[in-house]
Each structure stands twice: as C-alpha cells, then as structure tokens.
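Remember, predicted model here, so these are calculated numbers, not experimental data. When a ligand or atom number is given, it counts from 1 through the structure's own listing order.
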Amino acid sequence: MPTYSLVIPVFNEEETLPELARRLSELMERLDGDCEVILVDDGSRDRSFDIMTDIHSSDERFKLIRFSRNFGHQVAISAGMDFASGQAIIIMDADLQDPPEVVLEMTRHWRAGSDVVYGVRKERLGETWFKKTTAAMFYRLLRKFTGMDIPVDTGDFRLVDRKALDAFKSLREHNRYVRGMFTWVGFKQTGVKYLRSERFAGSTKYPLSKMLKLALDGILSFSFAPLRFILTGGIFITLASIVVGLCAIVTALFRHPILPSLGIMTVILAFFTGIQLIVVGILGEYIGRIYEDVRNRPLYIVHDTVGLKDESKVHIPKN
Ligand code: UDP
Ligand code: MG
C-alpha cells in the first residue's frame with residue numbers, strides 16, 4: 001500500500017501529459033513515502049490515453065482508469081478516489097495549474113494531524129477577468145446560501161486523509177460538488193495559500209455551460225435557500241395583492257376605482273406568469289436531481305484499467 005495516491009482527471013490533455021508525468025516524477029522523488037498516480041481518462045477524444053499508456057509502460061507507479069465516455073470532472077476525481085489505495089490522497093488537475101510543489105506543504109500539514117488540506121488560490125494567473133470575478137462572487141454567495149463553512153477561493157486541489165476519504169466515498173450522489181462534500185464530511189481541515197499557475201498547454205475543458213452546471217450543483221445540493229426564497233416571495237406577493245384588492249374594493253365603492261388599465265394589467269399578468277415559470281424551473285432542478293439519485297445508476301462506467309489490481313475495486317461502495 002503506498003503512502004500517497006495522486007488522483008488526476010484527464011480530458012483531452014495530450015499536450016500537457018508528458019510534462020505532467022515529468023513534474024509528478026520529480027514530486028514523487030521529494031515526497032516522504034511511496035506513491036502511486038491514478039490518471040483517470042474521462043472519455044478523451046484525442047491521444048491522451050495512448051500517451052497515458054506510454055507513461056505507465058515507463059513507470060508502473062502511474063496507473064490508469066479509462067471511462068467508457070465523458071462523465072465530467074467531478075465524477076472523474078471521484079472514480080480516482082474509489083481506486084486509490086494510499087493513506088493520503090491528493091487531487092490535482094492535469095494542466096499543472098495546481099503546482100506540484102504545493103503538495104509538499106500539504107503533506108507537512110497532514111503529518112501534523114490535518115485530515116483535509118485544501119489549496120486556497122491567492123491569485124489566479126492567466127484566467128479571464130470574467131472567470132475570476134464570477135468565481136469570487138459565487139464562492140461568497142454559496143457560503144451565505146448554505147450556511148456551511150465552505151472555504152472561499154478553493155477548488156478541488158487538496159490532500160485528503162484515508163479517514164476523510166472513506167467518509168466521502170459513502171456519498172454517492174450523482175450531481176457532485178466535491179469540494180462542498182469534503183466540507184460536509186468534517187474532520188480537521190486546513191487551508192494552504194498558493195499561487196494558481198497558468199494552464200501549461202491547451203485550452204480550458206470547462207466551458208461556461210459546465211461552469212454553470214457546477215455552480216448550480218454547489219447551491220442545490222447544499223442549500224434549500226432557493227426554495228425558501230420562493231416561499232417568502234410568494235407570501236409577500238399574496239399579502240400585497242390582498243392589500244391592493246381591499247383598496248380596489250373601497251375606492252370602487254366611492255366611485256374612484258384605482259385599478260389600472262387593461263394594458264398595464266396584461267403586463268403585470270405576463271410578469272407573474274414569468275415568475276411562476278421560473279419557480280417551476282427551480283423546483284424542476286431539485287426534482288431532476290432527486291430522479292437521478294433514485295434511479296441509482298452507477299456514477300461512471302469503466303472501459304478498462306491499467307496497473308490497478310482488481311482487488312482495488314472492492315473499495316468501491318455499492319450505490
Ligand atoms: N476535466 C475532466 N473532465 C471534463 C472536463 C475537465 O476530467 O469533462 C479535467 C481536465 O482535464 C483538467 C481538470 O479536469 O485536468 C480541470 O479542467 P480545466 O483545467 O480545463 O478547468 P479550468 O482550470 O479551466 O477551470
Ligand atoms: Mg485548469
């Protein structure tokens with residue numbers, strides 16, 4: 001059993017993989033224990049898997065999981081953690097935005113007794129103004145909404161002790177917000193500040209649609225705030241309509257009706273129809289997630305694995 005398992009999700013990263021392997025080999029020389037690297041190919045359509053196979057052939061500490069299709073970043077890291085056998089598991093991106101050197105600092109905190117050591121981004125290099133601003137706003141909003149101590153400016157780059165990992169593995173929800181799930185499991189958590197580098201090569205695999213989906217998963221799987229907001233809004237509108245209705249009756253009795261013209265009525269009606277559709281949409285987002293979870297499908301389908309013993313699959317909890 002290795003001391004450290006490095007879990008890396010890979011989606012169309014042919015340009016970064018050789019450099020990643022080089023930097024990880026360097027890191028493994030400096031770590032104070034045996035290591036394995038679990039590369040999870042999340043349905044890449046480029047040469048990523050071939051390159052991963054070459055990397056494995058030259059160093060068997062690199063082990064591979066290949067999905068049958070693209071299941072998404074959050075599922076890929078979850079699969080890597082299902083197969084990891086180390087005492088401490090480290091999650092990193094394949095594009096070298098999470099500097100391997102920071103891992104050394106994380107392991108020191110782990111040795112000192114922390115169960116989850118997460119990276120806090122001091123600054124993000126080479127990312128758009130739009131991404132930085134929306135991300136900063138989102139992390140703060142999420143904290144407010146959930147009332148949970150989800151650390152701000154923190155991605156999935158982290159070291160996790162086996163205890164926290166086993167707890168995490170019992171959470172099999174489908175729409176996953178991994179960083180929030182690690183807050184949820186608790187244990188002793190420590191943040192390490194770091195400078196997020198630029199992507200080594202290639203372009204982001206997180207288009208706006210995937211970012212929005214992740215943000216929605218973060219809010220909906222940790223908070224009922226949107227539902228409470230609907231309830232409060234509904235109560236407010238109902239009370240206001242009663243007051244206006246009473247005023248309308250009284251003024252009509254005195255032959256000075258205050259109700260607006262048909263045109264304005266139409267606009268008001270359209271407005272509230274819109275609000276009702278939004279409300280139905282929000283309910284639908286929750287219901288869709290319930291449906292996905294009750295169907296109880298596996299989180300991912302593995303095409304094949306390289307270098308991993310079948311026994312490691314025994315660790316996968318039943319859904
Ligand atoms: N990734 C993945 N599946 C996906 C999208 C991304 O496994 O569907 C991987 C990707 O290869 C990288 C990590 O997730 O290792 C983070 O993606 P990326 O660097 O593109 O996101 P960004 O840093 O731009 O937010
Ligand atoms: Mg990246």
Do R289 and D293 meet the salt-bridge criterion of a basic N to acidic O distance under 4.0 Å?
no
Could D304 and R66 be called an ion pair, given the rule that one side-chain N must be under 4.0 Å from one carboxylate O?
yes
Sort by chain and number the protein N/O/S atoms that are closer than 2.8 Å to the Mg ion (ligand 2), and list them.
D95 OD2, Q97 OE1
Carboxylate-amine/guanidinium contact R111 D32, below 4.0 Å
yes
Can you give me the closest heavy-atom contact between V37 and L24, atom names plus distance?
CG1-CD1, 3.9 Å
Hydrogens and angles aside, do E36 and S5 bring a side-chain donor and acceptor to less than 3.5 Å of each other?
yes
Using a strict threshold of under 4.0 Å (side-chain N to carboxylate O), is an ion pair present between R30 and E26?
no
Name the residue from V7, V302, V10 that meets the side-chain contact (heavy atoms from CB on, under 4.5 Å) definition with I65.
V302
Residues in the immediate environment of ligand 1 (any heavy atom closer than 4.0 angstrom)
P9, V10, F11, E13, D42, N70, G72, H73, D93, A94, D95, Q97, K131, R196, R199, T204, K205, Y206, K210
Does this structure show an ion pair linking D149 with R143, if we count only N-O contacts that are shorter than 4.0 Å?
yes
Between R23 and E101, is there a salt bridge with N-O shorter than 4.0 Å?
yes
